[in-house]
Amino acid sequence: MSRSSFDRAGLALMFSTILVWAGSWIAMKLIVPYIGPFDFVALRYVSGGLVLFALALAMGRPLAMPPWKLTLLIGLTQTAGFQGFVQTALVSGGVGKVSLMAYTMPFWVILFAWWLLGERPTARHGLGIALAAIGLVCFVEPWNGLGDIRPVLLGLGSGLCWGVGTVLSKRMFERHAPDVMTFTAWQMLLGGLVMTPVAFLVPQMSAQWGWQLWTGMAYIVLIATAAGWLLWLLVVRLVPASIAGLSSLGVPVVAMLFAWALLSEQPSSAELGGMALILAGIWVVSRAAPAARAD
């Protein structure tokens with residue numbers, strides 16, 4: 001696919017993904033007082049997977065699981081690992097901080113695409129990583145003491161898991177060309193099922209099913225999970241792994257603005273500077289030419 005055709009085909013998908021996922025960060029933060037993080041992950045992805053299976057059945061899509069080992073690995077990383085780290089981080093961390101750390105995903109994609117797909121990074125990729133590293137230091141502000149570094153580390157862990165899952169998804173599409181909806185449903189369901197025993201075994205608060213939790217879960221399951229992951233995997237299928245993070249560029253920005261307006265999470269000057277550098281690094285990486293495949 002040429003760059004111009006990608007721009008035309010991908011613009012609506014990327015814009016929709018940005019809005020859907022930015023809104024989901026607000027919803028996830030708002031339901032933190034009402035449900036434990038592991039209960040949330042299991043419920044979100046088992047329910048989301050079942051919704052997608054129902055849609056696939058209604059549309060006559062194939063229901064057979066793609067190669068199970070790769071599908072399970074993607075479910076473990078892109079679903080269970082990513083969301084488990086995110087929701088745990090949101091218990092004590094703000095939306096802006098956690099979402100930005102999660103959206104370091106494109107940098108992890110570069111490293112794992114080099115390792116697993118043989119896509120050698122370019123000098124421009126190196127520049128983007130350097131900008132992001134400086135931004136991360138500004139964002140954490142170690143000169144003021146590390147304070148509660150846990151949400152930052154958990155957020156970075158979520159970005160790493162998402163990056164691995166993205167590269168594995170790219171391998172799945174290249175080698176097996178599964179139906180996007182069926183593949184999304186299976187990796188989502190497997191990730192949710194893996195988290196189910198964790199939710200039972202790890203002590204956490206009991207879910208409080210009031211209108212706040214019902215409303216938040218409805219948005220997260222139907223729109224952010226079922227629709228959002230379909231949009232994301234369509235983007236992953238359309239573009240090289242090293243620039244598949246392009247649609248992520250606007251999400252932490254929009255999520256931070258939503259959190260500032262709705263949750264009164266006002267970032268400091270250093271955090272704003274760090275965010276600008278990290279986003280600049282993501283932009284540089286996203287606009288770089290596809291990484292060359294190793295011979």
Side-chain angles (χ1 to χ4, degrees), residues 21-22 24-45 76-108 111 129 132-165 191 194-195 197-208 216 220 224 248 251-253 255-256 258-260 262-279 281-282:
W21 278 355
S24 75
W25 284 95
I26 303 302
M28 288 189 293
K29 181 64 176 179
L30 289 174
I31 67 171
V32 161
Y34 305 104
I35 189 170
F38 302 113
D39 283 340
F40 168 80
V41 176
L43 181 60
R44 172 179 184 173
Y45 286 110
L76 287 171
T77 54
Q78 188 166 257
T79 297
F82 166 68
Q83 192 64 61
F85 278 123
V86 161
Q87 202 62 24
T88 305
L90 284 173
V91 172
S92 59
V95 168
K97 178 176 291 186
V98 177
S99 65
L100 186 63
M101 294 302 101
Y103 278 88
T104 57
M105 173 272 295
F107 305 109
W108 299 112
L111 297 177
I129 291 174
I134 297 170
L136 180 60
V137 172
C138 294
F139 196 79
V140 174
E141 299 180 74
W143 49 84
N144 290 331
L146 292 179
D148 186 6
I149 196 68
R150 189 165 175 260
V152 173
L153 296 178
L154 289 169
L156 285 172
S158 70
L160 186 152
C161 287
W162 188 7
V164 174
V194 166
M195 291 300 295
V198 177
F200 279 107
L201 294 173
V202 177
Q204 55 186 323
M205 64 174 293
S206 299
Q208 303 174 37
I220 290 165
S248 72
V251 177
V253 175
M256 185 202 71
F258 282 170
W260 197 343
L262 301 174
L263 305 177
S264 300
E265 292 185 5
Q266 184 172 353
S268 67
S269 298
E271 287 176 333
L272 285 174
M275 178 175 289
L277 285 168
I278 292 172
L279 291 175
I282 295 174

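Because the structure is predicted, anything quoted here is derived from the model rather than measured.
Contact of the K29 side chain with the L263 side chain is registered, since non-hydrogen atoms from C-beta on lie closer than 4.5 Å. Side-chain contact between V86 and M28 is present, with heavy atoms from C-beta onward closer than 4.5 Å.
Here the closest heavy-atom approach between residue I26 and residue A255 is recorded as CD1-O, 4.0 Å. Across all non-hydrogen atoms, the minimal contact from A89 to G155 is CB-N, 4.3 Å. The two residues A207 and I35 make their nearest non-hydrogen contact at CB-CG1, 4.1 Å. Here the shortest heavy-atom pairing between L277 and G135 reads CB-CA, 3.5 Å.
One N or O on the side chain of T104 and one on the backbone of M101 form a donor-acceptor pair closer than 3.5 Å. Using modelled atom types, no side-chain atom of W108 and backbone atom of C161 make a donor-acceptor pair closer than 3.5 Å.
Atom-to-atom distance recorded for Q208:CD and I31:CD1 is 12.0 Å, nearest 0.5 angstrom. With values rounded to the nearest 0.5 angstrom, E265 atom CD is found 13.5 Å from F258 atom CZ. To the nearest 0.5 Å, atom OG1 of residue T88 and atom CZ of residue R150 are 6.5 Å apart. To the nearest 0.5 Å, atom CH2 of residue W21 and atom CD1 of residue I220 are 13.5 Å apart. How far CG of L90 is from CG of L30: 10.5 Å, rounded to the nearest 0.5 Å.
Ring orientation note: the planes of Y103 and W162 are nearly perpendicular, at an angle over 60° on the 30°/60° scale.
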Checklist entry - How far apart are the C-alpha atoms of M105 and L160, what are their side-chain angles, what is the distance that settles it, and do they pass the side-chain contact (heavy atoms from CB on, under 4.5 Å) test? => result CA-CA 6 Å; M105 173 272 295; L160 186 152; over 6 Å; no
Checklist entry - How far apart are the C-alpha atoms of V98 and L154, what are their side-chain angles, what is the distance that settles it, and do they pass the side-chain contact (heavy atoms from CB on, under 4.5 Å) test? => result CA-CA 8 Å; V98 177; L154 289 169; over 6 Å; no
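Scored by the ring-ring contact (aromatic ring centres under 6.0 Å, His included) test, F107 finds no partners at all (sequence neighbours excluded).
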Extract all donor-acceptor atom pairs below 3.5 Å that involve side chains of residues 37-45 and protein atoms in other chains or at least two apart in sequence.
unit_1 : atom_1 : unit_2 : atom_2 : d
D39    : OD1    : Q204   : NE2    : 3.3
R44    : NE     : T225   : OG1    : 2.5
R44    : NH1    : Q83    : OE1    : 2.6
R44    : NH2    : T225   : OG1    : 3.3
Y45    : OH     : Q83    : OE1    : 3.1
Y45    : OH     : W229   : NE1    : 3.4

